[in-house]
Student: 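Please see the structure below; I have some questions.
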Amino acid sequence: LHVSTSSSETETSTAATTTQVELQHKPISLFGKGHAGASGTDAKHILGGKGANLAEMSSIGLSVPPGFTITTECCSAFCGGWDQE
């Protein structure tokens with residue numbers, strides 16, 4: 001995962017930095033139309049509650065529109081430097 005941030009130094013120039021982050025899981029999990037996404041006991045930890053439920057419904061054959069979930073690990077890596085309250 002490459003996380004890019006940019007900050008404006010002047011009105012006409014922009015500085016950008018890139019940071020490489022190692023993830024334990026794929027950053028995106030697909031579900032619906034033949035994709036079940038992550039499953040098992042770690043699914044809620046990896047995908048969050050809604051993502052885990054969509055992956056579970058897809059894996060048992062319920063009609064779920066195709067989509068994707070960005071993993072909680074990926075979100076945490078991306079938002080890690082933000083001031084969160």
Side-chain angles (χ1 to χ4, degrees):
L1 170 68
H2 292 280
V3 179
S4 295
T5 58
S6 60
S7 60
S8 179
E9 293 177 356
T10 66
E11 289 184 24
T12 57
S13 71
T14 302
T17 59
T18 302
T19 304
Q20 176 113 13
V21 179
E22 295 295 325
L23 301 175
Q24 294 179 354
H25 302 80
K26 293 180 181 179
I28 295 174
S29 178
L30 302 174
F31 59 84
K33 297 283 183 179
H35 298 283
S39 60
T41 58
D42 289 336
K44 188 173 181 181
H45 175 73
I46 296 168
L47 302 175
K50 290 179 186 177
N53 288 335
L54 287 166
E56 177 70 19
M57 290 187 298
S58 181
S59 71
I60 63 172
L62 293 176
S63 178
V64 177
F68 65 93
T69 303
I70 299 173
T71 63
T72 55
E73 179 185 27
C74 182
C75 288
S76 295
F78 181 76
C79 299
W82 294 3
D83 183 23
Q84 299 175 1
E85 293 185 28

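This chain uses plain numbering: 1 for the first residue, then up along the sequence.
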Student: Minimum heavy-atom separation for Phe31 and Pro65, please, with both atom names.
Tutor: CE1-O, 3.4 Å
Student: Nearest 0.5 angstrom please: Leu30 CG to Thr69 OG1, how far?
Tutor: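 Result: 8.5 Å between the selected atoms.
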Student: Hey, could you give me the NZ/CD distance between Lys26 and Glu73, rounded to the nearest 0.5 Å?
Tutor: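 The distance works out to 13.5 Å.
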Student: Where do Ala52 and Leu47 come nearest, in terms of heavy atoms and distance?
Tutor: N-CB, 3.7 Å
Student: Quick check: closest heavy atoms across Pro27 and Cys74, and the distance to 0.1 Å?
Tutor: CB-SG, 3.7 Å
Student: Shortest non-hydrogen contact from Ser58 to Val64?
Tutor: N-CG2, 3.8 Å
Student: Just wondering, do Ile28 and Thr71 contact through their side chains at under 4.5 Å, heavy atoms?
Tutor: no
Student: Is there a donor-acceptor pair under 3.5 Å between the side chain of Ser59 and the backbone N or O of Glu56?
Tutor: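 It does hold such a pair.
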Student: Using modelled atom types only, decide if a donor and an acceptor are shared between the side chain of Thr72 and the backbone of His45 within a distance under 3.5 Å.
Tutor: yes
